[in-house]
Amino acid sequence: MKGYIEESHNRCRSTKMLVKNLFSTLILNNVENKNILEKNKELILTAIPFMNHLYDFVSGSDFFAILCDSNGCILKVIGDERILSEAIKFKMITGAYMDETHIGTNAMSLVISEEVPIQISGKEHFMEAYHKWTCSAAPIKDLNGKVIGIIDLTGYIENVNPHTLGMVVAAADAIEKMFEINKYNSMLEISKKRLETTINSISAGILTCDVIGNITAMNKQVVRMFGYSENEMRKIIIPELIQNWSEILGQLKVKGTFIDKDVYINARVNKLQYTLTLYPIYDLKMNLEEITLVLYELKKSRKIAGKMLSGQAVYTFDKVMGKNKTFMKTIDYAKKIAESKSTVLITGESGTGKEVFAQSIHNYGIRKDEPFIAVNCGAIPRALVESELFGYEDGAFTGAKKGGNAGKFEIADGGTIFLDEIGEMPIDMQIKLLRVIAESAITRIGSSEQIPIDVRIMAATNKDLKDEIEKGNFRKDLYYRLNVMPLNLPPIRERKDDIPQLVNYYMNKTSKMLNKRIVDIPEAYMKYLMEYDWPGNVRELENAVERIVNSEAIQLNISNEVTQVNKNTIKLDTNLSLEMMEKLHISKVIKQVKGNMTLAANILKIGRNTLYRKIEKYNIDCSKIEHSSIIEQSFLVEV
């Protein structure tokens, strides 16, 4: 007897298992059996065809085949009637466990412990009832080599030969191969579903065709866009669907690309315009095999272009700093007009944040998800203003882009166009802009066809347009078309109580951007900042804060000029450090209170101990402080 069989018998004896037992000591009830069968459903469905095929070889020779799970629980039994009826008497039925613990040594129990194909016969079985049988069993393993089941062929001793085990092993191998195939098929199916789901989730229409134009695949958007059913689409060839397809295909073959071109589609109801990109698919010999077509609705392609051109509107009212009462009323008014479609004229000095307000109004209204196109009317060469704003057709002028080009108004369709420095627009273009506002349509250069547009116009200027009208530089009728919703932004000098908040905001923003430390602004210097007129407004203030952060010290040279502070004319030191500023300020306060340290500490808003430490740190001579004239000359700011 083989060693592993003898060891198995010894284990059975040690547990005092009786050789006279007829059936397994563990047989599942109906509910438990149902759960086991459900758990092993894939194994059963995969193995049954091979079990039947194995049984066909020995049918009529008194054999029965058994399929077990990895723990030895019987999942399926098939066989000849005479021997199968005998097996049933021994309760070799689904739900019975054939492992060593519950029925002693047998081929299936040894497969569990040894994980190799095994054949045992007669008295090699521990139970006497099975001595008349020979059992041939083989493990069924998954892709990782783990045993997931057992297949067994049992018959009377006289009917079995060594080839029987070979047949069982072949069946187990075939089941394993099928498991592998099923796994790959499942992976392919999941990949196919994933790809289909991804393609169908894309807003663009995507279809694939061969070189003749027969459609081989498409996503659901194609059906929605063109109005045909999927079956109808498969009967249509691309040349019937897309106008000038032969020219498009020719360009693809010559240049290898066809990207973002406007084309006309023969949809079910009428002719529609789309933006088309082609992606060639080549075979191994680099012959054109198929073509993938990506179609965007024209409006959506314009939105994408708008986002690329303007970077979208990034500012919101949350980023508008200020608490000045008049300024807060300006913000409230801007929010109220955000929902309107009417034109907005934003006026104010340079640097007051006109585009910030324009973007915030756009983002506060119903057009926030649509394009925001900013155009600087003063930066476009005079000869190009019309083509930039309204676009042009193919061949409209020398150097025109092949296929034509959409203008800023077309790209902004559905959203907002912001005409900055509108006062710089040439007078002849003002007439054309007036017509666009009146008709809500544009005409490309070189075309007579009007293109309807839905665009909200916001304009901005730092000029006095009424004065420009008097000078003949700006049309009065255009002014009134634009000035439906006037919005005037106050300069900083009219809202000086906002300066501390603005300084803190730009200090935090700039220090993070430059990866430098925040510079504390002393109260006296903040008072100086609030007294300064800031002719460059917010832009000048931001630049001043950036200089402070870069140098990590206060420099009283904002404009490098003589500055008025509380009607005292002083020459500002161009390189005054923060510590020197603090020393001068403490000295000034102590001098003014004639050495009263309690009063000085209260004015400085610090504790007396802190004040004494700073006096010691800066080596301030309090006994001579009333006689100091240097301080008066260097720093004349009232406490």
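Side chains are part of it too, since the values below use all heavy atoms of this structure and drop only hydrogens, waters and symmetry mates.
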Requested in this report: Examine distances only and state if a side-chain atom of N462 and a backbone atom of E421 form a donor-acceptor pair shorter than 3.5 Å.
Outcome: no
Report task. Indicate yes or no for a side-chain donor-acceptor contact from D420 to the backbone of A459 under 3.5 Å, with no hydrogens or angles considered. Result -> no
Report task. State whether the side chain of R435 and the backbone N or O of I442 hold a donor-acceptor pair below 3.5 Å, judged by distance alone. Result -> no
Report task. With rounding to the nearest 0.5 Å, note down the distance linking CG in N219 to CE in M225. Result -> 8.5 Å
Requested in this report: Return the minimal non-hydrogen interatomic distance between Y274 and L295, and the atom names on each side.
Outcome: CB-CD2, 3.9 Å
Query raised in the report: Any chance the side chains of R194 and T197 put a donor and an acceptor closer than 3.5 Å?
Result: no
Query raised in the report: Without hydrogens or angle criteria, can the side chains of Y528 and E523 be said to hold a donor-acceptor pair below 3.5 Å?
Result: no
Query raised in the report: Any sub-3.5 Å donor-acceptor pair from H362's side-chain atoms to A313's backbone N or O?
Result: no
Query raised in the report: Under 3.5 Å, is there a donor-acceptor pair between the side chain of T510 and the main chain of M507?
Result: no
Query raised in the report: Cationic tip of R495 within the cone over F327's six-membered ring, i.e. under 6.0 Å and within 45° of the normal?
Result: yes
Query raised in the report: Distance-only, no hydrogens or angles: does the W534 side chain make a donor-acceptor pair with backbone N or O of L529 under 3.5 Å?
Result: yes
**Report entry** CA sep, side-chain torsions, deciding dist, call: D498, K325, salt bridge (charged side-chain N to carboxylate O under 4.0 Å, His left out)
**Finding:** CA-CA 10 Å; D498 284 339; K325 290 183 179 179; over 6 Å; no
Query raised in the report: When you check the side-chain N and O atoms of N488 and T347, is any donor under 3.5 Å from an acceptor?
Result: yes
Query raised in the report: Centroid-to-centroid, F317 to Y364, below 6.0 Å?
Result: yes
Query raised in the report: I361 versus M485: any side-chain heavy-atom pair under 4.5 Å?
Result: no
Query raised in the report: Judged by modelled atom types alone, do R608 and Y612 share a side-chain donor-acceptor pair under 3.5 Å?
Result: yes
Query raised in the report: So which heavy atom on Y333 is nearest to which on P486, and how close?
Result: CE2-O, 3.0 Å
